[in-house]
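Before any comments, here is the structure.
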Amino acid sequence: MIETLLSLTINGVLIGGLYALAALGLTIVLGVMRVINVSHGAFYTLGAYFTFLFSIMLGMNYITSFLLSALIVFAIGVVYERILIKPIRKEELNVLILTFAGAFVIEEIVKFTFGPRYRNIPPYLSGTVDIPGGSVDIQRVLSFAIAIGIVAMLFIILKFTKIGKAMRMVAEDEEVAGTLGINVDRVQMFSFGFGAMLAASAAALLSPIYLLYPSMGWDPLLKAFAIVIFGGMGSIPGTVFTGIIFGVAEVLTGYYISPTWKTVVPFLLLILIISIKPTGLFGEEE
Amino acid sequence: MRMEKTKVSAGILEKKYAALIAFGIIAAIIPLITPSIYIIHVLILAHIFVIYAASWDILTGYTGQLNLGHAMFFGLSAYVVAITNTMLNLPLLLSTIAGVFSAFLLSLLVGVPCLRLRGPYLAITTFSFSWILFLLASSAMIWLSGGEEGVRGVKTFVVGSVPNYYLSLVLMILSVYLLYRIASSETGLILKAIKEDEDAAMACGIDTTRYKLLAFILSGIFAGIAGAFYAQYMRIVTVDVVTLELSASAITFSLIGGIGTIVGPAIGAYMLTILFEGFSWLADYRILIYNLIIVAFVLFLPGGLISLKEKVNKKRKMVIGNDRK
Amino acid sequence: MPILERNLTRRGFMKGMAVGAASIVAGSSILGCAQQTEEKKPLKIGALVPLSGPSSEGGNRMKNAFELAKEDINKAGGILGRNVEIVYYDTAGNAEKGVTGVKKLVEEDKVFALVGVYTSGVALAIADVVADYGIPLMVTVAASPKIPQLVRDDPERYKYMFRTGADVTHFTLNTAPFVTDIVGAETYYYVGQEAIWSKALDKVFEGFLKDKGVEKVGSSFVPRGTQEFSSIIEDIKSKNPDVVVSSTVSAEGVPFAKQYYDAKIPVPFIATAGVLTFEDVVKEMGEKGNYVCFMSWCWDVPFTGKTQDFYGRYKETYGYAPTGYEDVRSYDGLTVFAQAVNKAGSEDYGEIRSTLEKNRFEGVAGYYEFDDGHQAKWGEGLLTGVIGEWYGGEATILWPDNVKTGELKKAPWWRI
Amino acid sequence: MTENDFLKVIDLSKHFKGLKAVDEVNFNVDEGEFLGIIGPNGAGKTTLFNLITGFLKPTSGRIYFRGRDITGTKPHERVKLGIARTFQVTKPFRKFTVVENVIISALIAKKQGKIQEHERDFAMEVLEKVDLAHRTDVLAENLPHGEVKKLEIARALATKPELLLLDEPFSGLTGEEVETLQDVIKSIHKNGITVILIEHVLKACMALSERIIVLNYGKIIADGTPQQVCMDRQVIEAYLGKRGLEFATG
């Protein structure tokens, strides 16, 4: 009994770390640019397919494919922001619609490029790790470790680098940042690309465990929505914490209640939290 | 809420009625000049989506409360009509009332927690409500909703496409007219003030909570009307009535037509429903082209089609001279 | 004009109406442009397939098959001497679009018959519209038990609706030999999609196996497209069945198999058709595709004279193997219909119907006969299918005996 | 508590994450008074305003208006009672014309029976008072900064207030604009409206106010006539720092 619970929790934490990674990009874009990027899921899809392209179709090793795909999606994000988001950024609703339509455009382009069929990235590492109550795929453990590494790197970037500090300042107050000589446009462009890259990394890590298809990005997007708001928009510790909580909650609900309710529960919790504390669990009061 | 009488001068009145009558006549004779039930069918759907889009506009376009889950009102009403009509064997009229009433209740349920929320928090919370409904309908409660197979066998008020066409036409004109009247009244102005700046509106003495809730209710009820009509016309209700795509289409329709004008979203819904069908020969490429058009609109004509009219007017004014006041 | 005055007049509203009126005219002409004068030459068949959205994977495989079927029919002289032309309508798996599609195909394209339909929701939504038009519909994929039930309940109204797609009882009959004979299990666990057809399958399966003395020890249902299965894997472990039956036929099938593999559960699982029978998909799964057992509706073995020819040509044309269901049943649906019309020798729907009801037709997956629900019958000499197992991207056929290529390869961690 | 206490603030505090933005503040305002509130940046002036107008809920303490406890009431309810405000960062309805901006307030006032005439006429009247009548049909977003400030005041006036709270109305204005606005505010006060003015521009505040409260770190450090406040050591220290104090006192 207790072993099952332990095993479930470990599984939940492992997967939750990756959820957190997927949600972080959304949080950064929300924090720095104050726009909801519905294309975030599409960048996730792109990350998965680029990893597929490099590792399967071009036969590169997994790590190279992973890095290349993250870089390319970063570049795509930057271009996307420049051409599509920047001209309309002040209009929250327009950005929302544009990124929604943009997500479909990307999905369709992926469909026409790679075909609508299900694709797989074979395991990049095989074997299992023993845990109480069973074993878990070694890939999950490693992916989790990589995800945590990326999060740690993110902290360092935000805390110590010039661009990171600039991002935090823009997030705090765009106008003030502008008067302090920060190139707000460039910071936002970078943040958007960065957000896209985080989505792509999460996809590259998750897709060997899951499956690739053109509309695969919607599910992580919706999950990321819930995580970001639940944890408090723009709060990175909040997002990481909530991501992991969501992972655990999902696995536990799936086991103790039913697998169909596990998708509903996070959103119910979200509504509950937001009714009590309108800025999310870790969000600052306005 | 009390509606103030609008002041219209007699001269303009005739002109406007001419436009309305022209629309009425053309719309009314369409079934007589086309033998195609397909065209009639698409137009019926267009009528339904016109109500749906206009009802979204009163909450988001006028009041600025970003609603990302508008399909929930439409969908819940449609499901309640279908379920009460087929499983409880309620008469269709009662089912319809139950459906619209359920949309009203949902608007309260969603509206109340949303009153304190702003920006992305509000947007994602409204989305969450609709997403929960989708998850319930598509998987967690398929014993009731039938999941993807849906609830079949809803009765209809009138049989056949042409009678449904006229019924939907009347319903559409009535709904849009009512919404437009509300939007053009003092109430509408107050809603718009809330959209412009909520704090300033409060400082003006506006009970923003009450008006926001009113907007939620109006929006929910009219979307509920659209959903109820949809259920009885389609005679089957599947998860398609609560999808993310349907919620998004309320926004798309409105943007293309012109947000915050009621008439704009109505035109947007009408044209896009027809356009989307007109694109059916594109088969696989349809979704791609459709979305590219939307992207282009957001970038190049964010005011929607209705802003074209203003641009033309401005030009005309410049030619005639500014002596119209 | 300032907002207030603009708001306090009805001008905008009326003008809007005028624009609306203009767009009606424009719209009618857009819709009308697809209209063509009906010529005697090609015979149009309307195909309802999801070409976009989450079902597009299956929809595209259906389209592949329809294209091959069209080629073959036309090569053999067409239908009643007329060449076949297929008009596709993308339903996106959406019921409303399905209904619109039927109206478009019938009214605008004047199609002779309809084929296709991937999801049950679309099939059930269009059933009445199709019945009102009185036009034949060959359902080639959607598996809801409600579809033949409609025909049984009201054979007069749904007289032209047939299905070459499988029924849930067929899923059961085709999968049960694995549980009872190959594994010799006493208990089993069922994993299904949270959908009406899968729940129905669960019931039929349970009843069928109970009679054979096999007990169900647990079940789980997941929403279509689920990616994370940790909780279900735990549940399976704790229920400790002798075998797992999984009807995770869509996108969720692959993650399920991968995670099942990683958990080293000591018993095999069998996938009831779907994604785990796709050669290209399983090959890409690498080692995690090993020991995956499956039931497939068709295979590259001589079920009929057409089978291997179809498999060869499909692979050659599209670069990957057919799945045995979406594609084969769609190909069969259209070719069976063509055979029936030619046999009836008339375009009269009544005669086509009775020809379909009374005769036996050769397809790729076997021979087709239709029961009182206009459902293609299962059975020896008709339609059966195969049970197989993947290893190293190659499948070994375990059942039935006449096409068997080997024995069950046991994974080192299995206890059976 | 007596009926003739106009505005009474008792032990009012507001904490943000441990930071005491307003800390146990007590003061009274008499009807017809002109009170100035000054203090360095971050002293809690705007927070205090938000508490009095109901835009923020206090952590502790009470607020009475005309003897009535209004601590828990909402902003619009306070407007109804006669408390109006402007914002430091102006918040005009940008897509509305000047007159529409004011009509909004007038509409509500009319619904509450505060005014009898047609809301548009009343709005025009108010615009006249703040010297904006010539701009009636200009969109608010096209107004220069100085006129937006006036518009905000007009909007507040159209709610028919008894107490008007002005949050830094002079900030960012040119010298000339300051002078005209000063006259406008003076005349408002003359018409019998009690005014509380937060101001960073000390000169204007000193010129207008009858009494001045000085806030520093959320606490009242001085309360008296402009002359008294000017002489206060603590005030000078708060504004100029220790060094400045030494400099000022020699």
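Here is the naming used below: chain letters follow the sequence lines, and residue numbers restart at 1 for every chain.
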Contacting moiety of B:I293, where chain A heavy atoms sit under 4.5 Å | neither
Here the gap from B:E245 atom CD to A:F104 atom CZ, rounded to the nearest 0.5 Å, amounts to 4.5 Å
Approximate separation, where rounding is to 0.5 Å, of A:T279 OG1 and B:R116 CZ = 9.0 Å
So how far is it from A:I109 CD1 to B:N291 CG, rounded to the nearest 0.5 Å?
-> 10.5 Å
For the candidates A:I271, A:I106, A:V264, A:T263, which exhibits the highest count of non-hydrogen atom pairs separated by less than 4.5 Å from chain B?
-> A:I271
Taking C-beta and beyond as the side chain, do B:L136 and A:W261 meet within less than 4.5 Å on heavy atoms?
-> yes
With respect to chain B, which residue among A:L30, A:L268, A:L222 yields the maximal number of heavy-atom pairs within a distance under 4.5 Å?
-> A:L222
Please report the shortest heavy-atom distance between B:V295 and A:G102, naming the atom on each side.
-> CG2-N, 4.2 Å
Report the distance from atom CE of B:M141 to atom OG1 of A:T260, rounding to the nearest 0.5 Å.
-> 11.5 Å
Would a 4.5 Å heavy-atom cut-off, applied to side chains only, mark B:L288 and A:F112 as touching?
-> yes
Got B:P120 and A:R34 here, is their nearest side-chain heavy-atom distance under 4.5 Å?
-> no
Got B:Y290 and A:E108 here, is their nearest side-chain heavy-atom distance under 4.5 Å?
-> no
Distance, nearest 0.5 Å, that separates CG of A:L98 from CZ of B:F297 | 13.5 Å
Residue from B:T125, B:L122, B:V112 scoring the most non-hydrogen pairs under 4.5 Å with chain A is B:T125
Please look at A:I229 and chain B and tell me whether the side chain, the backbone, both or neither of the residue comes under 4.5 angstrom of a heavy atom of that chain.
-> both
With the side chain counted from C-beta on, respond yes when A:L84 and B:L299 share a heavy-atom pair under 4.5 Å apart, and no when they do not.
-> yes
Pick whichever of B:L115, B:I142, B:L255, B:T60 has the most heavy-atom pairs under 4.5 Å with chain A.
-> B:L255
Region of A:L270 in contact with chain B, defined by heavy-atom distances below 4.5 Å = side chain
Select, from A:P259, A:P87, A:P278, A:G280, the one with the greatest count of heavy-atom pairs under 4.5 Å involving chain B.
-> A:P278
Roughly how far, to the nearest 0.5 Å, is the CD1 atom of B:I294 from the CZ atom of A:F100?
-> 9.0 Å
Mark yes when over 12 heavy atoms from residues, nucleotides or ligands other than B:Y285 sit less than 6.0 Å from its OH; otherwise mark no.
-> no
Partner chain B: residue of A:V35, A:L93, A:I88, A:V228 with the largest heavy-atom pair count (under 4.5 Å) | A:L93
Listing, residues 127-135 of chain B side-chain donor-acceptor contacts under 3.5 Å, not counting sequence neighbours, or none:
from: B:S128; atom 1: OG; to: B:I124; atom 2: O; distance (Å): 2.8
from: B:S130; atom 1: OG; to: B:F127; atom 2: O; distance (Å): 2.8

Whatever's closer than 4.5 Å to a heavy atom in chain B on A:I36 counts as side chain
